[in-house]
Amino acid sequence: MGIVNVTPDSFSDAGVNFASADAIASARRMYREGAAIVDVGGESTRPGSGGVPLDEELRRVVPVLEALQRDVPVSIDTAKSEVARRALDLGAELVNDVTALRADPELVEVVAEGHAYLCLMHMRGEPRTMQVNPTYDDVASEVAAFLEERLRFAVDHGVAEDRICLDPGIGFGKTVEHNFELLGRLDVLVALGRPVLVGVSRKSSLGRILGDADAKTGPLSASLAAAVAAYERGATILRVHDVKEHVEALAVAAAVSR
Ligand code: HH2
């Protein structure tokens, strides 16, 4: 899954795809490089961010979705039902909701009626405050219990279970140690029986494990290692900024596994 942030303030690629033409070109390039799907988002969820109004989010993503319709498989990264509705009308196949259907009560109906695929992600708290002292007794089992409950909720509201994937939400209300423990114990999430999506690309925990306590991002080398480690523990969708390099790294990891 390639990442196209149509935002001025995302944590690692702020502004590079904020202009529609740049976002469209990046999405097409990622698809050519081997992304199975491109995740288009108009709202940064980096730690500390406060969200964007509906009309601004639509203004950012709609021109991109219009241009990609028919050529590139698209996922929409949003928590808003109206953005998801417009995106599905414009051909998006998957709704990626970092709130796991907790922010907008109408989103589940839009996904169910649109027969869309759905990604449910774990987040403790909300982006504005989520990195303020997150604590868990057992992070892997608490994240699994949360995702299992959200999976039931989605299925009970009409989303087909075989359309849902689950995501531990690396960096969303977790310390560096929590993030690495989750990656190491991904089998606990795989055991829930749904495909597992992991988004660790460029995240600050990668820079911090390399020794920079104030890192806001992590380097490509570390992103690739984390993606391969997640793949080897059962992740089947990797959400990444650098598609070509990840396709190459994962092809080699897959050849070794075979
Ligand atoms: N991470 C980000 C955004 N959306 N969606 C899923 N399912 N999983 C993730 O780990 C995830 C996500 C944050 O990364 P990015 O989009 O690069 O940055 P920003 O939120 O600052 O735009």
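Position 1 is the first residue of the sequence, and the numbers go up from there. Note that these values count all heavy atoms, side chains included, but never hydrogens, waters or copies made by symmetry. The structure displayed is predicted, hence computed values, not measured ones. When a ligand or atom number is given, it counts from 1 through the structure's own listing order.
Heavy-atom proximity to Val98, at under 4.0 Å, picks out these atoms of ligand 1: 4 (N), 5 (N), 12 (C). Within ligand 1, counting atoms from 1 as listed, the ones closer than 4.0 Å to a heavy atom of Arg46 are 20 (O), 21 (O). Residue Met121 has at least one heavy-atom neighbour below 4.0 Å for each of these atoms of ligand 1: 6 (C), 8 (N), 9 (C). Of all atoms in ligand 1, listed by their number and element, those nearer than 4.0 Å to a heavy atom of Asn96 are 5 (N), 6 (C), 7 (N). Residue Gly199 approaches ligand 1 through these ligand atoms, each under 4.0 Å from one of its heavy atoms: 10 (O). Which parts of ligand 1 touch Ser10 is read off a 4.0 Å heavy-atom cut-off, strictly below it: atoms 19 (P), 21 (O), 22 (O). Near Asn5, meaning under 4.0 Å from any of its heavy atoms, are these atoms of ligand 1: 15 (P), 16 (O), 17 (O), 18 (O), 22 (O). Those atoms of ligand 1 with a heavy atom of Cys119 less than 4.0 angstrom away are 7 (N).
The distance criterion of under 3.5 Å between nitrogen or oxygen atoms is met by Phe11 with respect to ligand 1. In terms of N/O distances under 3.5 Å, ligand 1 is not approached by Asp39. Remark: ligand 1 and Lys203 share an N or O pair separated by less than 3.5 Å (distance only, no angle test).
Contacts of Asp13 with ligand 1, taken as heavy-atom pairs under 4.0 Å, are absent altogether. With a 4.0 Å cut-off on non-hydrogen atoms, Arg202 does not touch ligand 1 at all.
Geometrically, Arg28 does not engage Tyr31 in a cation-pi contact, judged by NZ or CZ lying under 6.0 Å from the ring centre and within 45° of the ring axis. Both tests hold for Arg124 against Tyr136: distance to the six-membered ring centre under 6.0 Å, angle to the ring axis within 45°.
Closest to atom 21 (O) of ligand 1 among all protein heavy atoms lies Ser44 OG, 2.7 Å.
Looking at Glu57 and Arg86, no side-chain N of the basic residue comes within less than 4.0 Å of a carboxylate O on the acidic one, giving no salt bridge.
Under a hydrophobic-cluster definition in which Ile, Leu, Val, Met, Phe, Trp and Tyr are linked whenever side-chain heavy atoms come within less than 4.5 Å, directly or via other members, Leu147 and Leu186 are assigned to the same cluster.
Between Phe146 and His122, the ring-plane angle classifies as perpendicular under the 30° and 60° cut-offs.
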